[in-house]
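Residues: numbered from 1 along the sequence shown.
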Amino acid sequence: MQKPNSQSAARSDQLSGNERIINRARMRKRKNRRKKIIIYSVLAAVFLAVGITVALTMFFNISEITVTGDAVYSSDVVINASGTGLGDNLIFLSKTKTNELITEKLPYVGSVKVKRHLPTRLELIITKTDAVYAMVENGYYTLLDKDGKVLENELEYIGENIIILNIGEVTAAEPGHTVELANGQTLEKLKSIREVSNSCGLTGITFIDLSDIYNIKLIYQGRITLELGETDNNNLIKKLDLGRAAIDTQNEENELYRGTINLTVEGKGYWSEETVTTEQTEPTEETTDEEPNEAPEEGTTQPTDD
């Protein structure tokens with residue numbers, strides 16, 4: 001059996017000299033026609049792209065910028081931080097870049113929704129962020145939001161309901177940027193603690209110690225310490241839920257109670273009471289001869305008898 005190419009060659013050999021010349025001419029015309037079609041198509045696409053670009057540049061320039069949402073900063077301050085001004089092109093504006101510029105330059109802006117109103121108006125919708133945590137160094141405070149973004153530093157005083165943090169070595173704390181820590185896991189642990197605390201209804205935390213992520217401690221209302229030890233996504237929920245139940249039970253009996261709940265063993269809670277004398281200006285924990293009582297069943301704890 002002959003291959004197709006061999007058959008074509010055989011037929012070509014059977015053609016007369018004039019026929020072969022005519023055949024080659026037809027093939028050249030077809031090739032030239034295809035080349036012209038490709039060239040014209042490319043040129044048409046280029047002209048179309050240029051036309052669209054020129055049209056967008058000419059007819060969609062910003063003539064008005066409005067700032068709405070949370071009034072954290074004045075409109076002029078927000079617009080200046082955005083890096084965008086009147087006359088800039090509305091279509092080619094980068095929403096991501098605009099959001100980054102504003103949230104970095106203006107720390108108390110949590111996020112910015114950039115909305116185009118064609119043909120020429122730009123709207124910047126501001127969502128604020130608030131101080132949730134404070135780090136302390138050399139008597140000065142650095143405020144962080146819930147995600148670890150630095151809001152302000154070198155403050156002598158802070159407001160109420162701010163949770164004090166001990167989160168180990170800080171490598172960078174620049175306002176407008178997320179705090180940088182020597183231990184990359186610390187910030188994720190902090191976010192998990194906040195999310196789980198909120199979900200299980202554990203409010204009133206005043207101090208979080210994450211200097212050792214394998215020995216985490218929380219302090220409730222400055223008087224009850226929750227020793228969590230090592231945590232993961234599964235046991236953190238159980239430990240904080242058990243701690244909340246124990247605190248609720250104790251608060252019903254004595255709202256001024258001071259002590260420690262050891263929650264390092266999953267499903268177990270051990271009370272250790274703190275004794276305060278009239279001579280002490282700061283509370284200290286005393287060691288008792290008796291072993292702390294174990295919670296009788298999972299989900300509950302009970303205080304050690306005096």
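- Across Ala134 and Leu143, no two heavy atoms sit closer than the pair CB-CD2, 3.9 Å.
- Ile261 and Ala246 get closest at one heavy-atom pair: CD1-CB, 3.8 Å.
- Within a 6.0 Å radius of CG in Asn254, more than 12 heavy atoms belonging to other residues, nucleotides or ligands are found.
- Cluster partners of Ile213, using a side-chain heavy-atom cutoff of under 4.5 Å among ILVMFWY residues and allowing indirect links, are Tyr214.
- Sorted by first then second residue, the side-chain hydrogen bond (donor to acceptor under 3.5 Å, both in side chains) pairs that include residues 184-204, not counting sequence neighbours, are Lys189-Thr231.
- Side chains of Thr225 and Phe207 form no contact here, defined as non-hydrogen atoms less than 4.5 Å apart.
- The nearest pair of heavy atoms linking Asn251 to Glu255 is O-CG, 3.3 Å.
- Annotation: side-chain hydrogen bond (donor to acceptor under 3.5 Å, both in side chains) contacts involving residues 62-85, sequence neighbours excluded, comprise Ser63-Thr120, Thr66-Arg121, Thr68-Glu123.
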Donor-acceptor pairs under 3.5 Å, side chain of residues 102-113 to any protein atom, not counting sequence neighbours: which ones?
unit_1, atom_1, unit_2, atom_2, d
Thr103, OG1, Asn99, O, 2.8
Thr103, OG1, Glu100, O, 3.3
Tyr108, OH, Glu152, OE2, 2.6

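- Around NZ of Lys95, the count of heavy atoms belonging to other residues, nucleotides or ligands within 6.0 Å exceeds 12.
- Sequence neighbours left out, the pairs with a member in residues 137-146 that pass side-chain hydrogen bond (donor to acceptor under 3.5 Å, both in side chains) are Thr129-Asp145.
- When hydrophobic side chains of Ile, Leu, Val, Met, Phe, Trp and Tyr are connected at separations under 4.5 Å, Tyr157 ends up as a singleton with no cluster partners.
- Residues Ala173 and Val179 come closest through the heavy atom pair CB-CG2, 4.3 Å.
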